Q: 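Please find one structure pasted underneath; my questions will follow.
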Protein chains: 2
Amino acid sequence: MLTTLQATDPGSRLAIGAVAAGVTQMPPKADVLGSLKPLAAIVRFDRDEEIVAQGGKAAYCYLVVSGCVRTVRLSEDGRRQVGEFVFPGELFGWEALDAHDFGAEAVTPVTLHRFARLDFDGLADRDHGFARRLRELTGIQVRAGRDRMFRLGRMSACERVASFLLEMTERMNLVDRPSIELPMCRTDMADYLGLTIETVCRELTQLRRDGTIAVERTKVTILDRRALAAAGCRRVIH
Amino acid sequence: MLTTLQATDPGSRLAIGAVAAGVTQMPPKADVLGSLKPLAAIVRFDRDEEIVAQGGKAAYCYLVVSGCVRTVRLSEDGRRQVGEFVFPGELFGWEALDAHDFGAEAVTPVTLHRFARLDFDGLADRDHGFARRLRELTGIQVRAGRDRMFRLGRMSACERVASFLLEMTERMNLVDRPSIELPMCRTDMADYLGLTIETVCRELTQLRRDGTIAVERTKVTILDRRALAAAGCRRVIH
DNA sequence: CGGACAGTTGAGGCCTATCAATGGTGGTGG
DNA sequence: CCACCACCATTGATAGGCCTCAACTGTCCG
């Protein structure tokens, strides 16, 4: 509406287009926490272990050192939504209010730095740079959330899966490499994308048959990145 | 956040349940901006007027004084996603990075306070309280985004519409009153909920036939709040 | 009055969920 | 070492929810 999309130079238009197409922004692997590190406890969790409980008191937040974490919400009737996957160098749990609205679980064995939220806020009060980077991080997180909103609200299954694969290559810093090892199982992918496992499988198969990717269990090789980026338009004819 | 709200009493667990059911949290109508107000410019926009362009440079952010604003993303093929509706007392545009990933348009005639992002950041540097409230606001925004994510990814059309109506009564501070005047048209609702206008209509009709609500154009009266809260389970049998 | 527009309702089709069965892999214990 | 089991992934058949296309109504406004 009101498409006076005036201007904003041609470039930015394209950039947004890319985002809308599912290429989500990647958080900078900044050491946001520099001066906080001495206060960190190192904690480890096994695969599928619960790190924070949904509804649990938000006493700590975490920085992923190695491995992969998922945040999850489970509704009473068993429906499950994965909020996000968290990769090394990224934070989670710091934006909670009093309680964690999403739980967190280890997708793979993980090593984490754990910070007391009190220390966290204290540092933000003392250190403007830290507070500023925190606000920047906020922007990144909110933006990522909006990308996912578009994906869930307006993308077909095929597009969701294709954009997911592209997102993962970015998130895992493997843009230049064709092959990625997905840490999460199909169920996690499905609950992240708002689909069923079966549909995720079928779309992967479809992309494989098209010669766009190769799949063997958790390893996905992107054979044709351009086609993957364009994927999904096949079925959505407007 | 971290505001010694550490009273994770039994209630908070329930609260999460309610959130998962689609009752989103309402941002506090705090005057977050106290000391910034002198720097604000007052701006007005007519219905459907563009306030910030999608992809536009993020020079300003806004506080809604009166009226309602929607944030929108438009993809190249015309698909549209409404990111959020912004009501009086709430901010938008402050979390942008370099450019606005969503545009903003006036749903109704609106009056806004406009702030330069630079002033905004400057104040955050000087005023810990402001910075802290900003972080708190972040948490609220991220949480609301997650609620919508669950809605878009895991809720049926009926549930989405029902939870939307409940969200609006909360957002507009009309929880106690049965009748609300929705400021937005069906198209906006549909693009917010990831549905089509027709489906939104049909679900409203269904709720009306059930005796749960009464509808006349933009005015919706909630006849049976309990039934509305439970709505949608009808079609999702697990 | 007529035209534009938002909202509503109906018919039909597609996309995705559901139900079900099979194949493959890893772990465990005989 | 291999049988067995549990679990994940894949594929097929079918059903159903939501979208698409279309027609109609009511309202506003020139």
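A quick note: this is a predicted structure, and the numbers were derived from the prediction, not measured. Order of the sequence lines fixes the chain letters, A, B, ..., with proteins taken first and strands second; residue numbering starts at 1 for each chain.
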Q: Would you indicate, yes or no, if dC19(D) has its OP1 or OP2 atom less than 4.0 angstrom from a side-chain nitrogen or oxygen of Thr199(B)?
A: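 Yes.
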Q: Here's a test of your reading of the structure: between Gly194(A) and Arg217(A), which maps to the more 5' nucleotide of DNA chain C?
A: Gly194(A)
Q: To the nearest Å, give me how far apart CG (Leu193(B)) and P (dG17(D)) are.
A: 19 Å
Q: Between the base of dC15(C) and the side chain of Glu203(A), is there any donor-acceptor pair under 3.5 Å?
A: no
Q: Could you check how far CD of Glu159(A) sits from P of dC15(C), rounded to whole Å?
A: 12 Å
Q: Is any side-chain nitrogen or oxygen of Thr196(B) closer than 4.0 Å to OP1 or OP2 of dC19(D)?
A: yes
Q: What's the CD-P distance between Glu216(A) and dG26(C), to the nearest Å?
A: 12 Å
Q: Looking at Arg202(B) and dT20(D), is any side-chain donor or acceptor paired with a base atom of the opposite kind under 3.5 Å?
A: yes
Q: From C-beta outward on Cys185(A), which listed nucleotide comes closest to its side chain: dG7(C), dT9(C), dC8(D)?
A: dC8(D)
Q: Tell me: CD1 of Ile197(B) to P of dA23(D), nearest whole Å?
A: 16 Å
Q: Can you figure out which of dT25(C), dG26(D), dT9(C) approaches the side chain of Thr205(B) most closely?
A: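 Among dT25(C), dG26(D), dT9(C), the one nearest the side chain of Thr205(B) is dT9(C).
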Q: Is Glu181(B) salt-bridged to Arg217(B), cutoff N-O under 4.0 Å?
A: no
Q: Please determine, by modelled atom types, if Arg44(B) and Thr111(B) share a side-chain donor-acceptor pair under 3.5 angstrom.
A: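 Indeed, the side chains of Arg44(B) and Thr111(B) share at least one donor-acceptor pair under 3.5 Å.
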Q: Would you call the rings of Phe92(A) and Tyr62(A) parallel, tilted or perpendicular, where under 30° means parallel and over 60° means perpendicular?
A: parallel
Q: Nearest-Å distance, CE (Met184(A)) to C1' (dA9(D))?
A: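 Computing the Met184(A):CE to dA9(D):C1' distance gives 16 Å.
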Q: Could you point out which residue of Arg186(B), Arg160(B), Arg80(B) forms a salt bridge (charged side-chain N to carboxylate O under 4.0 Å, His left out) with Asp191(B)?
A: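 Answer to the salt bridge (charged side-chain N to carboxylate O under 4.0 Å, His left out) test with Asp191(B) among Arg186(B), Arg160(B), Arg80(B): Arg80(B).
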Q: Which nucleotide in the list dC19(D), dA9(D), dA17(C) gets nearest to the side chain of Leu195(A)?
A: dA17(C)
Q: Suppose we call two aromatic rings close when their centres sit under 6.0 Å apart. Are Tyr60(B) and Phe115(B) close by that rule?
A: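 Between Phe115(B) and Tyr60(B), which both carry aromatic rings, the centre distance is not below 6.0 Å.
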Q: Within the 4.0 Å heavy-atom criterion, would you say Arg208(A) contacts the bases, only the backbone, or no part of the nucleic acid?
A: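 If one applies the 4.0 Å heavy-atom cut-off, Arg208(A) turns out to touch the sugar-phosphate alone, with no base involved.
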Q: Mind grabbing the angle between the end helix axes of the helix from dC1(C)-dG30(D) to dG30(C)-dC1(D)? Five pairs an end, 10° rounding.
A: 30°
Q: Report the nucleotide, chosen from dC8(D), dT9(C), dG7(C), that has the shortest atom-to-atom distance to any side-chain atom of Arg186(B).
A: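 So the nucleotide nearest the side chain must be dG7(C).
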Q: Which nucleotide in the list dC18(D), dT20(D), dT8(C) gets nearest to the side chain of Glu198(B)?
A: dT20(D)
Q: Look at the side chain of Ala157(B) and decide which nucleotide, out of dC8(D), dT8(C), dC18(D), has an atom nearest to it.
A: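 So the nucleotide nearest the side chain must be dC18(D).
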Q: When you measure from the side chain of Thr218(A) to the backbone N and O of Pro183(A), does any donor-acceptor pair fall under 3.5 Å?
A: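 No, Thr218(A) side chain to Pro183(A) backbone: no donor-acceptor pair under 3.5 Å.
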Q: Roughly how many Å is it from CZ in Arg154(A) to C1' in dC15(C), rounded to a whole number?
A: 15 Å
Q: Identify whether any heavy atom of Leu204(B) sits under 4.0 Å from a base atom; if not, whether one sits that close to sugar-phosphate; answer base, sugar-phosphate or nothing.
A: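 If one applies the 4.0 Å heavy-atom cut-off, Leu204(B) turns out to touch nothing in the nucleic acid.
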Q: In terms of side-chain geometry, is the basic nitrogen of Arg226(B) or Asp224(B) positioned less than 4.0 Å from the acidic oxygen of its partner?
A: no
Q: Mind calculating the distance between CG (Leu182(B)) and P (dA6(C)) to the nearest angstrom?
A: 16 Å
Q: Check the distance between dC8(D)'s P and Arg47(A)'s CZ and give it to me in whole angstrom.
A: 7 Å
Q: Is it true that Arg151(B) and Glu159(B) make a salt bridge, defined as a side-chain N closer than 4.0 Å to a carboxylate O?
A: no
